[in-house]
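First listed ligand is number 1; within each ligand, the first listed atom is number 1.
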Amino acid sequence: SSSEDEGEEYLFKIVIIGDSAVGKSNLLSRYARNEFNLHSKATIGVEFQTQTLEIDGKEVKAQIWDTAGQERFRAVTSAYYRGAFGALIVYDISRSSTFDSIPRWLDELKTHSDTTIARMLVGNKCDLENIRAVSVEEGKSLAETEGLFFMETSALDSTNVQKAFEIVIREIYNNVS
Ligand code: GDP
Ligand code: MG
């Protein structure tokens, strides 16, 4: 492509939020590095990973932020949300308390954002069907009520992980282009 076209580049910040241990860090490591960790521990400080996609022949970079464990102390800072264009709001389908927290996370996201956010409700750990505590219908219904995309994922077996991130990234692209 010509040198003028090389200016057509996009960088989108996406945040992952949700209760502790729902699988946020593993969703990111599965998507960005195709890695899963059974005993992942919270690390100190905010971290992000960058993934590059091509959409409409344009280079789109998604800078995806992980809370790095602050959510344990209900201390996810406004800096974490600043400049975000997309969010994955994650619960664990085997723990209903994490689903009950979703409205609080949506409020927090709203409080800290001043722009249209592409939002995906993610029911993670769908490999744990035998101990499911939140039905697919409950997830779908909340997503419909709140106007969110919805997907059940498994960071463990990779189900829908790439899809969930890429729907958000494409929606942001559609919002801004
Ligand atoms: P975070 O606190 O939200 O970042 O959660 P982590 O990514 O650290 O995951 C918490 C625990 O859940 C870890 O023991 C992970 O191995 C496990 N985990 C994460 N995703 C999945 C999943 O899709 N399926 C199952 N069975 N376990 C998962
Ligand atoms: Mg984590």
Side-chain angles (χ1 to χ4, degrees), residues 12-51 62-84 86-113 117-140 142-143 146 148-169:
F12 301 147
K13 176 177 173 179
I14 295 170
V15 294
I16 311 178
I17 54 177
D19 284 0
S20 194
V22 295
K24 299 180 297 298
S25 297
N26 274 283
L27 283 166
L28 181 53
S29 64
R30 175 62 79 196
Y31 179 54
R33 304 193 303 272
N34 199 20
E35 283 174 17
F36 180 81
N37 195 330
L38 258 179
H39 306 289
S40 58
K41 289 196 202 99
T43 44
I44 308 292
V46 166
E47 285 180 317
F48 62 80
Q49 309 242 8
T50 306
Q51 276 291 92
Q63 188 185 73
I64 306 161
W65 291 54
D66 182 18
T67 59
Q70 299 131 299
E71 72 279 17
R72 206 165 296 186
F73 315 105
R74 305 231 161 154
V76 178
T77 61
S78 45
Y80 183 72
Y81 295 97
R82 195 165 302 135
L88 275 76
I89 307 110
V90 186
Y91 64 94
D92 171 350
I93 67 133
S94 74
R95 280 192 298 143
S96 51
S97 65
T98 67
F99 183 69
D100 299 338
S101 294
I102 294 295
R104 189 175 60 78
W105 286 110
L106 290 172
D107 280 349
E108 173 141 329
L109 185 62
K110 198 179 284 170
T111 301
H112 288 96
S113 56
I117 307 271
R119 299 173 304 167
M120 168 78 72
L121 179 65
V122 175
N124 189 42
K125 308 198 188 183
C126 69
D127 56 284
L128 297 178
E129 189 59 48
N130 57 327
I131 54 166
R132 176 187 285 277
V134 183
S135 70
V136 179
E137 283 314 314
E138 285 174 279
K140 263 189 193 157
L142 178 61
E146 299 290 340
L148 318 168
F149 292 102
F150 173 66
M151 198 147 274
E152 284 199 349
T153 61
S154 168
L156 176 68
D157 69 16
S158 299
T159 302
N160 286 340
V161 174
Q162 188 174 358
K163 239 187 213 166
F165 281 101
E166 294 193 358
I167 287 172
V168 170
I169 295 165

So, regarding [X] and ligand 1 (criterion: nitrogen or oxygen to nitrogen or oxygen, under 3.5 Å), is there a contact or not?
{"X": "K24", "result": "yes"}
{"X": "N124", "result": "yes"}
{"X": "S25", "result": "yes"}

Going by the order shown, which atoms of ligand 1 are within less than 4.0 Å of some heavy atom of [X]?
{"X": "L128", "value": "26 (N)"}
{"X": "N37", "value": "15 (C), 16 (O)"}
{"X": "A155", "value": "20 (N), 22 (C), 23 (O)"}

Next on the checklist: For the CD1 atom of I93 and the CG atom of D127, what is their distance to the nearest 0.5 Å?
Outcome noted: 7.5 Å

Checklist entry - For atom 21 (C) of ligand 1, which of E152, R30, K125 has the closest heavy atom? => result K125

Next on the checklist: According to side-chain contact (heavy atoms from CB on, under 4.5 Å), who are the partners of I89, at least two apart in sequence or on a separate chain?
Outcome noted: I17, A87, I102, W105, L106, L109, R119

Next on the checklist: So, using side-chain contact (heavy atoms from CB on, under 4.5 Å) as the criterion, who are the partners of D107 when residues are at least two apart?
Outcome noted: none

Item to check | Candidate list F48, Y81, F12, test ring-ring contact (aromatic ring centres under 6.0 Å, His included), partner W65, passing option | outcome: F48

Item to check | Structural part of D127 in contact with ligand 1, heavy atom criterion under 4.0 angstrom | outcome: side chain

Item to check | ligand 1-proximal atoms of L27, by part, heavy-atom distance under 4.0 Å | outcome: neither

Next on the checklist: When you measure from the Mg ion (ligand 2) to the N, O or S atoms of N26, does any of those distances fall below 2.8 Å?
Outcome noted: no

Item to check | Partner of F36 by side-chain contact (heavy atoms from CB on, under 4.5 Å), out of L27, V161, L156, D157 | outcome: L156

